[in-house]
Engineer: 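Let me begin by handing over the structure; questions about it come next.
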Amino acid sequence: MKGVDQEEISRRRGIYFPGFGIYGGLSGLFDYGPYGSRIKDRVIRLWKEMMFSEGNVAEFDGTTITHTQVLKASGHYDRFFDYSVECTKCHTKYRADDLVEKAGIPVTLNRQWLQDRIKELGILCEKCKGELGEVKIQKLMFQVDQGEDTEPLFLRPETAQGMFINFKEYYRFFREKMPFAMITVGRGYRNEISPRRALYRLREFNMMECESFFDPENEKWIHDPESQIRVTFLTREGREIKASPLEAHEKGVVKSHPMAYFMGLALRFYSSVGIDLERLRFRQHKKEELSHYSSETWDAEALTDIGWIEITGIAHRGNYDLTNHIKSSGKDLYAQRVIPKKEVVQKTKEIDYQKIKSDYAESSAKIINAIKEGRKELDMDGKTVDLAVYTNEREEKVTVDRENFIPTVIEPAFGLDRIMYTILDHNLSVREESGYVWLKIPYGISPYDAAVLPLMNKDDLDSRANTIFESLLKMKFSVLYDDSGSIGKRYSRYDEVGVLYCITVDYDSLEKGDVTIRHRDTREQIRIKIDDIPRYLGTNPWNGKTN
RNA sequence: GCGAGUGUAGUGUAGCGGUAGCACAAAAGCUUCCCAAGCUUUUAACCCGGGUCCGAAUCCCGGCACUCGCACCA
């Protein structure tokens, strides 16, 4: 929003601010203050409600410290190091492994190795042909040390993995029926090289992620995508179309049905937290942009004062993660589907332990291992032994009505901090004539339900207002009490942090037992009975609509 | 991480060798019965660490942070 400095207001009013201020700060780390924390909590609550309304959705809450094997299987571990090298002349920076790869050599991810190859091959700066400097390592995940001789652990770079490694738990929870989805809200950590722009790029950040699991033969969500809300879709070919998620899917722009479905869900969510859909688009990732695991990815991007920013990524992860965790752990993370009954001949190989023992009493273990490795023959003391002799094939007829498959996964991942940034950007409003600033967020994410204000701090107005305040608190409303400064100044105070209602106790209140209730956006007031206050909070009595 | 620039009360700023002004905000009081009013009073700052100098917020060096470019962004 032009003319409003979001960061200035956020610092001043305790929405968010840079972390560790008294010690000079630490880049990429921000804290949410009293108002920001409440807004954030309510955004999370709305998101969860939205997701849970699907019925076949459950929640997961996992640890942030992560087993190293998980990250090795997920592919994060190999990208753990970024090898960079810089031109000593023009200071252009390159990825060392990219340069070596371009020279046509298979890359080993090792600092010294890369350094040696660059020297050996005489690789120079692509721009100015200057000499390249030292290969430097940038760690992209935060490491946690356990002890001296143990492997380090890592803080998770995304929340998703917990939803894959425990797949079987969820599969049982949903009584082995697909599709279903798991959601989680939590923190992730990435050691960004240059965190910048307030909440945009953080090193510790909040995510709201969902992993939905499908039988690849029936990759459809249980409901159809949104058909009413239309937004811009920007395809990987650069085509722009205005469509609802349903239309986008039917036209083949968005290939995946569930992906289109989650786009609609995202749109309803954005709308409920006050993000302007006129300043929102879905942008498809180009081929070279796709993550190591994804075949189709769409980002929801919002237009803010710092340009188009990604606030949600909806990625088709295929069966990448589960496949790798099956390989890496050796555990069964398969789902099963029911198929028509059929008889199949099952061939099983049995190792004839008795025969091995009688032929090779001493070195039977060698033979057995070779067979288990699937080898056909083995050299024993210069003689070639035919291993087939030691196995018996057995054929068995069995009835089968189930088969294994690895579910495919579609992941809508919402960046909470960026969503907060966008909400503030889209809702901080200025009155042109006076420069008056107010935050026009929906009631659902307003940090407090209302502020209770005595018109003046005397004549019993304050004690009456305080009684109302206390009783609203008892009824579990989140309210504030404020008797300091002129009434106008107090209205302004709560307008600026998005509190929708101000309840004012004036002289008439003392006689009639009523109060005025003021709406933030219209500044209109009406008089209502004190007992009616709870009924009015959350509604808009000025036009009969709810907020 | 590199290059350039910038760090002064909660916020926005002035001062640029003689230890800091202003505005808004906040607090106490007066005033005012409804949209950042006024008056009085008060609280409150030179990013951190070295160096030069009789004396440093000011000059120099290092760090940290921010802004803008470059690079990075699983």
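Just so we're on the same page: letters track the sequence lines, and every chain starts at 1. None of the values given here were measured: they were computed from a predicted structure.
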Engineer: Could you please name the partner base of A37(B), counting Watson-Crick and G-U wobble pairs only when both distances are under 3.5 Å?
Structural biologist: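 Because no pair has both required distances under 3.5 Å, A37(B) counts as unpaired.
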Engineer: Scan Ser27(A) against the nucleic acid and name what it touches under 4.0 Å (heavy atoms): base, sugar-phosphate only, or nothing.
Structural biologist: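 Touches sugar-phosphate only.
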Engineer: Determine the interplanar angle of the Phe269(A) and Phe414(A) rings, folded into 0 to 90°, and report it as parallel if under 30°, tilted if 30 to 60°, perpendicular if over 60°.
Structural biologist: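 Ring orientation of Phe269(A) relative to Phe414(A): perpendicular.
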Engineer: Write down the distance between CZ (Arg523(A)) and C1' (A36(B)), rounded to a whole number of angstrom.
Structural biologist: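 Interatomic distance, CZ of Arg523(A) to C1' of A36(B): 11 Å.
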Engineer: Name the closest nucleotide to the Arg518(A) side chain, picking from C34(B), A26(B), C35(B).
Structural biologist: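 Minimum distance to the Arg518(A) side chain belongs to C35(B).
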Engineer: Compute the ring centroids of Tyr443(A) and Tyr501(A), then answer whether they are less than 6.0 Å apart.
Structural biologist: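 They qualify: ring centres under 6.0 Å apart.
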Engineer: Could you work out the separation of G7(B) and C46(B) based on their P atoms and round it to a whole Å?
Structural biologist: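 Straight-line distance between the two P atoms is 15 Å.
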Engineer: Please determine if Lys440(A) and Asp521(A) form a salt bridge, counting it only when a charged side-chain N lies under 4.0 Å from a carboxylate O.
Structural biologist: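 Answer for the salt bridge query: no.
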Engineer: Expressed in angstrom and rounded to an integer, what is the separation of Asn457(A) atom CG from G29(B) atom P?
Structural biologist: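 Distance, rounded to whole Å: 8 Å.
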Engineer: How far, in whole Å, is A57(B) from U19(B) if one measures between their C1' atoms?
Structural biologist: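 To the nearest whole Å, 9 Å.
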Engineer: Using a distance-only criterion (donor-acceptor N/O pair, under 3.5 Å, no hydrogens), is the base of C34(B) paired with the side chain of Thr516(A)?
Structural biologist: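 Side chain to base: pair present.
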Engineer: Answer yes or no: is there an ion pair linking Lys255(A) with Glu296(A), defined by an N-O contact shorter than 4.0 Å?
Structural biologist: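 Glu296(A) and Lys255(A): not salt-bridged.
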Engineer: Paired with G1(B) by Watson-Crick or G-U wobble geometry, both distances under 3.5 Å: which nucleotide is it?
Structural biologist: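 For G1(B), the partner nucleotide comes out as C70(B), under the 3.5 Å rule.
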Engineer: Of the listed nucleotides (U32(B), A74(B), C34(B)), which one gets closest to any side-chain atom of Met141(A)?
Structural biologist: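 Looking only at heavy atoms from C-beta outward on Met141(A), the closest nucleotide is A74(B).
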Engineer: Between A25(B) atom P and Ile9(A) atom CD1, what is the distance in whole Å?
Structural biologist: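 Roughly 14 Å, once rounded to whole Å.
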Engineer: Under 4.0 angstrom, heavy atoms only, what part of the nucleic acid is Arg13(A) near: base, sugar-phosphate, or nothing?
Structural biologist: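 No contact.
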Engineer: Taking only Lys NZ, Arg NE, NH1 and NH2, and the carboxylate oxygens of Asp or Glu, determine whether Arg527(A) and Asp506(A) approach each other closer than 4.0 Å.
Structural biologist: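 Answer for the salt bridge query: yes.
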Engineer: Please state the P separation for the pair A23(B) and C39(B) - nearest whole angstrom.
Structural biologist: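 10 Å, rounded to whole Å.
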Engineer: If each of Leu455(A) and Arg493(A) is mapped to the nucleotide of RNA chain B with the nearest heavy atom, which maps nearer the 5' terminus, i.e. the 5' end?
Structural biologist: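 Between the two, 5'-proximity favours Arg493(A).
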Engineer: Less than 4.0 angstrom from a charged side-chain N to a carboxylate O is my criterion; do Asp495(A) and Arg518(A) meet it?
Structural biologist: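 A salt bridge links Asp495(A) with Arg518(A).
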Engineer: Does a side-chain N or O from Lys458(A) land closer than 4.0 Å to OP1 or OP2 of C33(B), or not?
Structural biologist: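 Answer no for this pair, as no side-chain N or O of Lys458(A) is under 4.0 Å from OP1 or OP2.
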Engineer: Quick one: is the NZ or CZ of Arg11(A) closer than 6.0 Å to the six-membered ring centre of Tyr16(A), and within 45° of its axis?
Structural biologist: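 Arg11(A) over Tyr16(A) ring: no.
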Engineer: Output yes when Glu209(A) and Arg317(A) qualify as a salt bridge under the 4.0 Å nitrogen-oxygen rule, no when they do not.
Structural biologist: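 Answer for the salt bridge query: no.
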Engineer: Is A26(B) paired to anything, Watson-Crick or G-U wobble with both distances less than 3.5 Å, and if yes, which nucleotide?
Structural biologist: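 Across all strands, the one nucleotide that pairs with A26(B) is U42(B).
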Engineer: Can you confirm if the NZ or CZ of Arg38(A) lies within 45° of the ring axis of Tyr448(A) and under 6.0 Å from the centre of its six-membered ring?
Structural biologist: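 Yes, Arg38(A) sits over the ring of Tyr448(A).
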Engineer: Can you check whether Ser492(A) has a side-chain N or O nearer than 4.0 Å to OP1 or OP2 of C35(B)?
Structural biologist: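 For C35(B), neither OP1 nor OP2 has a side-chain N or O of Ser492(A) closer than 4.0 Å.
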Engineer: Distances for protein N/O vs nucleotides 9-11 of chain B N/O pairs under 3.5 angstrom?
Structural biologist:
| unit_1 | atom_1 | unit_2 | atom_2 | d |
| --- | --- | --- | --- | --- |
| U11(B) | O2' | Glu8(A) | OE2 | 2.3 |

Engineer: Taking only the C1' atom of each, what is the distance from A26(B) to A45(B) in whole angstrom?
Structural biologist: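 Those two atoms are separated by 15 Å.
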Engineer: With rounding to whole Å, what would you report as the distance between U13(B) and A20(B) at their C1' atoms?
Structural biologist: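 Straight-line distance between the two C1' atoms is 13 Å.
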Engineer: To the nearest Å, how far apart are Asp299(A) CG and A74(B) C1'?
Structural biologist: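 So the CG-C1' distance, Asp299(A) to A74(B), works out to 13 Å.
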Engineer: Can you check whether any acceptor in the base of C34(B) is under 3.5 Å from a donor in the side chain of Tyr491(A), or vice versa?
Structural biologist: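 Such a pair exists between side chain and base.
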Engineer: Strictly below 4.0 Å: does Arg197(A) bring a side-chain N or O up to OP1 or OP2 of C68(B)?
Structural biologist: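 The answer is yes; a side-chain N or O of Arg197(A) sits under 4.0 Å from OP1 or OP2.
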Engineer: Please determine, for the side chain of Asp506(A), which listed nucleotide (C34(B), C66(B), A74(B)) has the closest atom?
Structural biologist: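 Looking only at side-chain atoms, Asp506(A) lies closest to C34(B).
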Engineer: When you compare A56(B) with C16(B), how far apart are their C1' atoms, in angstrom units rounded to a whole number?
Structural biologist: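 Each nucleotide's C1' atom is 10 Å from the other's.
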Engineer: Whole Å only: how far is the CD atom of Glu496(A) from the C1' atom of G12(B)?
Structural biologist: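 My rounded result for the distance is 13 Å.
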Engineer: Across all strands, who's sitting opposite U6(B) as a Watson-Crick or G-U wobble pair, both distances under 3.5 Å?
Structural biologist: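 The base-pairing partner of U6(B), which may sit in any strand shown, is A65(B).
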Engineer: Taking OH from Tyr35(A) and P from A25(B), how many angstroms apart are they, rounded to a whole number?
Structural biologist: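 Atom OH in Tyr35(A) sits about 16 Å away from atom P in A25(B).
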Engineer: Please state how far atom CG in Leu29(A) lies from atom C1' in C64(B), giving the value in whole angstrom units.
Structural biologist: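 Leu29(A) atom CG is separated from C64(B) atom C1' by 13 Å.
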Engineer: Determine, for Arg281(A) against Glu240(A), whether the closest basic-nitrogen to carboxylate-oxygen distance falls under 4.0 angstrom.
Structural biologist: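 Answer for the salt bridge query: no.
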Engineer: Taking the C1' atom in each of C59(B) and A44(B), what is the distance between them to the nearest angstrom?
Structural biologist: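 Those two atoms are separated by 29 Å.
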Engineer: Select one nucleotide: of C35(B), C73(B), U32(B), the one nearest the side-chain heavy atoms of Arg201(A).
Structural biologist: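 Selected nucleotide: C73(B).
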Engineer: RNA chain B: Glu7(A) or Tyr436(A), which has the more 5' nearest nucleotide?
Structural biologist: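 Mapping each residue to its closest nucleotide by heavy atoms, the 5'-most match is Tyr436(A).
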Engineer: Among A65(B), A36(B), C34(B), which nucleotide has an atom closest to any side-chain atom of Leu26(A)?
Structural biologist: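 Among A65(B), A36(B), C34(B), the one nearest the side chain of Leu26(A) is A65(B).
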Engineer: Phosphate oxygens OP1/OP2 of C34(B): is one of them under 4.0 Å from a side-chain N or O of Lys489(A)?
Structural biologist: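 No, no such contact exists.
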Engineer: C73(B) C1' sits how many Å from Met207(A) CE, rounded?
Structural biologist: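 Between C1' of C73(B) and CE of Met207(A): 14 Å.
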Engineer: Considering only atom C1', compute the distance from A9(B) to C47(B) and round it to an integer number of Å.
Structural biologist: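 Going atom to atom, C1' in each nucleotide, I get 14 Å.
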Engineer: For Ser463(A), which of Asn466(A), Asp459(A), Asp460(A) qualifies under side-chain hydrogen bond (donor to acceptor under 3.5 Å, both in side chains)?
Structural biologist: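 Answer after filtering Asn466(A), Asp459(A), Asp460(A): Asp460(A).
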Engineer: Which nucleotide in the list C33(B), A27(B), U32(B) gets nearest to the side chain of Ser484(A)?
Structural biologist: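 The listed nucleotide nearest to Ser484(A)'s side chain is A27(B).
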Engineer: Among U32(B), C34(B), A74(B), which nucleotide has an atom closest to any side-chain atom of Leu140(A)?
Structural biologist: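 From the listed options, A74(B) comes nearest.
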Engineer: Quick one: look up who G18(B) pairs with, Watson-Crick or G-U, both distances under 3.5 Å, and put none if it's unpaired.
Structural biologist: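 When the pairing criteria are applied, C54(B) turns out to be the nucleotide that pairs with G18(B).
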